[in-house]
Amino acid sequence: MTTRESGRDREPLLEVRDLHTRFRTDDGVVRAVDGVSFSVDRGETVCLVGESGSGKTVASESITRLIRTPPGEIDGEISFEGRDLATLSNEELTEVRGGDIAHVFQNPQGALNPVYTVGWQLIEAVRLHDDVSKEAARERALELLDRVGIPDATARFSDYPHEFSGGMKQRVVIAMALASNPKLLIADEPTTALDVTIQAQILRLLVELQEEFDMSILLITHDLGVVAEVADRVIVLYAGKVMETAGVYDLFDRPSHPYTRALLGCLPGRGGRMHSIGGTLPDPTDPPPGCRFAERCPHAVDACVEGDQPPLYDVTDGRDAASAPETTGSADGPDVDHRVSCVHFGPGGDPSVVLADADTTDGPDANAESSAGGDD
Ligand code: SF4
């Protein structure tokens with residue numbers, strides 16, 4: 001994160017258009033991601049946010065086809081630096097994955113091999129991408145360990161993963177991801193398994209590294225406290241659909257989708273009220289017509305349960321997003337690239353029906369932690 005702005009004046013690095021990821025199961029076809037579009041610009045941090053089952057992890061893993069196909073099926077356009085990843089062979093994709101695009105997952109233990117030393121694994125990660133001598137790779141590995149904040153990196157080089165704490169393991173995993181000098185780091189709930197103090201340290205580290213390594217970050221989280229800490233731009237997902245997209249300041253200052261407002265209502269310390277979201281996500285094998293959030297929405301009207309999910313309307317004037325301009329938002333003013341999938345923001349709708357309720361507009365609260373979610 002470099003500017004905390006919505007970043008729409010930068011060059012797109014990743015563009016995902018109309019992504020559908022389905023899984024064929026004995027119970028039917030699970031539509032985990034159902035027509036999702038978003039982009040990540042160079043130097044930008046975009047957060048995909050939602051409850052467990054929203055499709056955020058599946059969407060992020062579809063980008064580099066970490067999803068096994070079959071049983072998964074992935075459709076849509078995934079353009080990275082103008083290259084359509086969906087058309088790449090497995091070999092080509094392997095080069096991108098762990099090269100220009102690196103992943104960091106929630107559980108660092110699972111990403112490290114318990115039978116090799118941390119140093120050995122880092123050297124391997126460096127040599128996978130750089131044709132350098134073992135000595136040069138060792139030097140680079142030590143630099144990376146030092147940079148991610150492992151104290152006395154030289155002494156810890158020969159230690160095994162089990163000799164590191166959870167936070168230190170995640171630092172090692174981040175160092176391994178950086179070994180390829182990625183242009184995009186996809187971090188899926190990288191701090192969820194850590195205690196709050198360590199979580200803050202790791203988030204700070206990611207912010208520093210992004211600038212230093214000139215990376216973009218796509219961060220997947222259920223935690224709006226994390227979003228407030230790191231995001232430039234936010235995509236709110238629910239039941240495989242995009243519900244709202246906005247610059248981080250605009251999202252917290254003017255949350256517009258009833259689901260986003262409900263998520264914010266789950267945060268402690270916002271106006272003294274803390275709610276949980278009643279109800280459950282719809283059956284992903286048989287999603288209802290209309291808005292996916294209708295069953296849980298306090299503002300649902302008849303039009304909400306007809307047809308398809310409402311398009312993403314520009315929050316500023318209710319135009320369909322397809323015809324709206326994209327411009328830069330900031331902490332100082334409204335972000336016109338703020339879109340919401342809700343009938344009350346469409347033609348003839350009245351946004352005040354939604355915006356008049358409750359309380360959730362205090363601005364990013366870096367200490368806040370959502371109780372809405374888990375991992376998907
Ligand atoms: S479209 Fe209807 S159900 Fe969906 S969020 Fe808006 S008011 Fe609620």
Side-chain angles (χ1 to χ4, degrees), residues 18 20 31-38 47-56 59 222 224 227 234-247 250-267 270 273 275-324 334-361 370 372-373 376:
D18 202 20
H20 293 258
R31 299 181 202 189
V33 176
D34 203 11
V36 163
S37 300
F38 63 91
C47 284
L48 286 182
V49 188
E51 288 170 283
S52 175
S54 61
K56 56 193 190 297
H222 68 279
L224 283 165
V227 172
V234 188
I235 317 289
V236 180
L237 288 182
Y238 181 80
K241 297 274 192 191
V242 174
M243 295 289 135
E244 183 162 4
T245 167
D250 222 20
L251 189 92
F252 281 82
D253 284 346
R254 198 180 187 225
S256 296
H257 196 279
Y259 177 57
T260 310
R261 296 175 74 83
L263 281 178
L264 284 164
C266 295
L267 292 176
R270 290 180 69 88
R273 304 194 209 173
H275 315 280
S276 60
I277 306 175
T280 55
L281 283 110
D283 179 354
T285 65
D286 186 21
C291 176
R292 297 270 164 100
F293 190 58
E295 254 187 47
R296 303 168 83 181
C297 181
H299 306 295
V301 292
D302 288 351
C304 301
V305 292
E306 293 165 3
D308 298 324
Q309 181 70 37
L312 284 162
Y313 294 110
D314 189 326
V315 164
T316 53
D317 64 6
R319 282 168 297 168
D320 186 323
S323 63
D335 178 355
V336 295
D337 185 13
H338 182 174
R339 294 139 200 260
V340 61
S341 167
C342 175
V343 295
H344 294 301
F345 290 80
D350 177 7
S352 69
V353 169
V354 177
L355 299 176
D357 79 351
D359 53 340
T360 51
T361 54
S370 167
D376 56 349

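Both counts, for ligands and for their atoms, begin at 1 and track the order of listing. The figures here come from the full heavy-atom set of this structure, side chains too, leaving out hydrogens, waters and symmetry mates.
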Residue pair Arg254 / Leu355, side-chain heavy-atom distance below 4.5 Å: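 Sidechains of Leu355 and Arg254: in contact.
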Any Arg296 side-chain heavy atom under 4.5 Å of Tyr238 side chain: yes
Can you list the atoms of ligand 1 that are under 4.0 Å from a heavy atom of [X]?
X	answer
His344	7 (S)
Ala294	3 (S)
His257	5 (S)
Cys304	1 (S), 2 (Fe), 3 (S), 7 (S)

For [atom], which protein heavy atom lies nearest, and how many Å away is it?
atom	result
atom 8 (Fe) of ligand 1	Cys297 SG, 2.3 Å
atom 6 (Fe) of ligand 1	Cys342 SG, 2.4 Å
atom 1 (S) of ligand 1	Val343 N, 3.4 Å

Per-residue contact class, Met243 against ligand 1 - non-hydrogen pairs under 4.0 Å: neither
Gap between atom CE of Met243 and atom CZ of Arg261 - 0.5 Å precision: 16.0 Å
Atom CG of Asp308: over 12 foreign heavy atoms under 6.0 Å: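 No - once you tally the heavy atoms of other residues, nucleotides and ligands closer than 6.0 Å, there are 12 at most.
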Side-chain (His257) to main-chain (Val236) donor-acceptor, under 3.5 angstrom: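 No; judged by distance alone, with no hydrogens or angles, the pair does not exist.
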N/O donor-acceptor pair under 3.5 Å between Ser341 side chain and Pro310 backbone: yes
Atom 4 (Fe) of ligand 1 to nearest N/O/S of Cys291 less than 2.8 Å: yes
Modelled atom types, side-chain donor and acceptor of Asp314 and His338, under 3.5 Å: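 Asp314 vs His338: no donor-acceptor pair found between side chains.
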